[in-house]
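One structure is given here, and the rest of the page talks about it.
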2 protein chains.
Amino acid sequence: MPDGSKTDRPRTRIQQRNRDLIAEAALEVFSTHGFRGATLDNIASEAGLSKPNLLYYFPSKEAIHTQLLSTLMDTWLDPLRALDAQGDPITELLAYVERKLEISRLYPRESRLFANEIVQGAPRMLTSLEGELKDLVDEKVAIIRDWADQGKIAKVHPYHLIFSIWSLTQHYADFDVQVRAVLGGEEPFDEAPAYLREVFLKLLTP
Amino acid sequence: MPDGSKTDRPRTRIQQRNRDLIAEAALEVFSTHGFRGATLDNIASEAGLSKPNLLYYFPSKEAIHTQLLSTLMDTWLDPLRALDAQGDPITELLAYVERKLEISRLYPRESRLFANEIVQGAPRMLTSLEGELKDLVDEKVAIIRDWADQGKIAKVHPYHLIFSIWSLTQHYADFDVQVRAVLGGEEPFDEAPAYLREVFLKLLTP
DNA sequence: CCAGTATTTGACCAGTCGGTCAAAGGAAGG
DNA sequence: CCTTCCTTTGACCGACTGGTCAAATACTGG
């Protein structure tokens, strides 16, 4: 049995491949059915493996889910990490919006995985939210507050500014079905970038 | 057995009370665990009834869920219905934002119930979205487009304007845990109304 | 108080779920 | 070819889930 601890790399190519297959399948299934709605049989067949074989690589359903979440948390925070205190304030913030929207477009399943978890009260993620996430946000909020104090951007509530960026960008991934149902045939991501740019440009211009 | 069809009123006070108890309990459970994550036992004990007793009033778990969704869809659309083509454009739109935010504050469980359903692809709601919802939105979009054409508000993409109102207001209900985790002790709904007012005022002013 | 109806429930069922296990199949080096 | 370790699986298990049913218990009008 392979060592299940997260720290050590898989030793063989087969392990690497199958762990990747499982992660990919689990992302697909968890993101469309939620934790409770996903079954090991679903994930197994999506991955092209048998159920006992899944459990050869991961000790439990919960473990697969947990690994997915913690892997993705980093990816999720990257765009915000890139917000640079040295850059031009408005350019930096608009670039953040753009990066975040692009990620929603490219990785909607990851977005929905988080959405599922958070909407249901984040039972398996609360410590992450209160830890890494809050720390990073606090740090960037300080930068935004400085910019506002120096008159480089409009005086907006920095926490709510960040919430609104998350909200507006992730909406296109998380509520994709609704957006498409309302738009009919039109492709949401054609217009979204320009629209969001306009929103935040108007909001932030002093 | 009571007649299960939705059209006729319950005949007795007991039926009325128990149906209400079940709906309330189901809202609580479905909104925090999703359809699959909710169990009849959960709902029953939350309602203070036995499981077979639930199924005396509703033919199935699915039926409870369906009735919740369709009852709530109306409530959900009301704020948008109230958007008045005759009123002052900016006042009307800001009032819509305010109503929507207020509803998120007062009925977060209802909001999360929808969020759960839509994030997972709206398997039990798609026809509603493509029907009533789209029709109402189309109608109101026409009004907003007129306002923009007449120069009474800024020229913004009307569909995306509506998406952004939904997104920003519902975020405070749907992602409540995350918002609170980041804010620490602060109460989100203290600052949100003024913030959102500022966002949309700046966006809509020609 | 009684008959008849509405309501409630304990016991039960078949299907599904996460997870186990022993045994069978591969891969690789000597 | 043989040994050793890695990988895969069919069969199985106990817990849980949605749902049924017949019997028991309240309610109601007469």
Side-chain angles (χ1 to χ4, degrees), chain A residues 1-5 8-30 32-69 116 120 123-124, chain B residues 1-5 8-30 32-69 116 120 123-124:
Chain A
M1 188 197 288
D3 189 326
S5 70
D8 57 358
R9 312 253 135 267
R11 273 169 292 234
T12 73
R13 251 150 290 147
I14 292 181
Q15 280 195 26
Q16 181 65 58
R17 179 178 56 90
N18 283 349
R19 277 178 176 276
D20 290 350
L21 278 175
I22 294 169
E24 158 67 25
L27 174 60
E28 181 68 28
V29 177
F30 280 133
T32 49
H33 299 289
F35 179 77
R36 193 65 154 49
T39 71
L40 288 179
D41 285 301
N42 279 339
I43 300 174
S45 81
E46 179 80 24
L49 300 174
S50 68
K51 184 171 64 168
N53 207 3
L54 276 201
L55 294 162
Y56 173 71
Y57 290 101
F58 290 87
S60 69
K61 177 184 179 182
E62 180 110 23
I64 305 177
H65 192 254
T66 302
Q67 200 218 255
L68 263 188
L69 284 182
N116 261 303
Q120 299 187 8
R124 287 166 282 268
Chain B
M1 188 196 286
D3 188 326
S5 71
D8 57 358
R9 311 252 135 267
R11 273 170 292 235
T12 74
R13 251 151 291 145
I14 292 182
Q15 281 195 27
Q16 180 65 57
R17 179 179 55 93
N18 283 349
R19 279 180 175 274
D20 289 352
L21 278 175
I22 294 170
E24 159 67 25
L27 174 60
E28 182 70 28
V29 176
F30 280 133
T32 51
H33 299 289
F35 180 77
R36 193 67 155 49
T39 71
L40 288 178
D41 285 302
N42 280 337
I43 300 174
S45 81
E46 179 80 23
L49 301 174
S50 69
K51 184 171 63 167
N53 207 2
L54 276 200
L55 294 162
Y56 173 71
Y57 290 101
F58 290 86
S60 69
K61 178 183 177 183
E62 180 110 23
I64 305 177
H65 192 253
T66 302
Q67 201 219 254
L68 263 187
L69 284 182
N116 262 302
Q120 299 187 9
R124 288 166 279 268

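The sequence lines fix the lettering, A, B, ..., with proteins before strands; numbering per chain opens at 1. Both backbone and side-chain heavy atoms feed into the values below; hydrogens, waters and symmetry mates do not.
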Side-chain heavy-atom pair [X], [Y] within 4.5 angstrom cut-off:
| X | Y | result |
| --- | --- | --- |
| R124(B) | H65(B) | yes |
| K61(A) | F30(A) | yes |
| Q67(A) | R19(A) | yes |

[X] side chain N/O closer than 4.0 Å to the phosphate oxygens (OP1, OP2) of [N]?
| X | N | value |
| --- | --- | --- |
| N53(A) | dT7(D) | no |
| R36(B) | dC17(C) | yes |
| Q15(B) | dA6(C) | no |
| Y56(A) | dT7(D) | yes |
| N42(A) | dC17(C) | no |

What is the distance from [atom1] of [X] to [atom2] of [N], rounded to the nearest Å?
| X | N | atom1 | atom2 | answer |
| --- | --- | --- | --- | --- |
| D41(B) | dG10(C) | CG | P | 12 Å |
| I43(B) | dT17(D) | CD1 | P | 11 Å |
| K61(A) | dG19(C) | NZ | P | 8 Å |
| F30(B) | dT17(D) | CZ | C1' | 13 Å |

If you measure from CD1 on I14(A) to CG on L21(A), what distance do you get to the nearest 0.5 Å?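 That separation rounds to 11.5 Å.
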Roughly how far, to the nearest 0.5 Å, is the CG atom of L27(A) from the CD1 atom of I22(A)?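 One gets 13.5 Å once the value is rounded to the nearest 0.5 Å.
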Select base, sugar-phosphate, or nothing to describe what A63(B) touches, counting heavy atoms under 4.0 Å on all strands.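 Nothing: the residue A63(B), judged by heavy atoms under 4.0 Å, touches no strand.
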Heavy atoms under 4.0 Å, any strand shown: does A44(B) hit a base, just sugar-phosphate, or nothing?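 Nothing, no nucleic acid heavy atom in range.
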Generate the contact string for nucleotides 20-30 of chain D. Rules: B means base contact, S means sugar-phosphate contact only, - means no protein heavy atom under 4.0 Å. BB---------
If each of L54(A) and T39(B) is mapped to the nucleotide of DNA chain D with the nearest heavy atom, which maps nearer the 5' terminus, i.e. the 5' end?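 Comparing both residues, the 5'-ward one is L54(A).
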Side chains of residues 42-53 of chain A: which donor-acceptor pairs under 3.5 Å do they make with residues two or more places apart or in other chains?
from, atom 1, to, atom 2, distance (Å)
N42(A), ND2, T39(A), OG1, 3.2
S45(A), OG, N42(A), O, 3.3
S50(A), OG, N53(A), N, 3.4

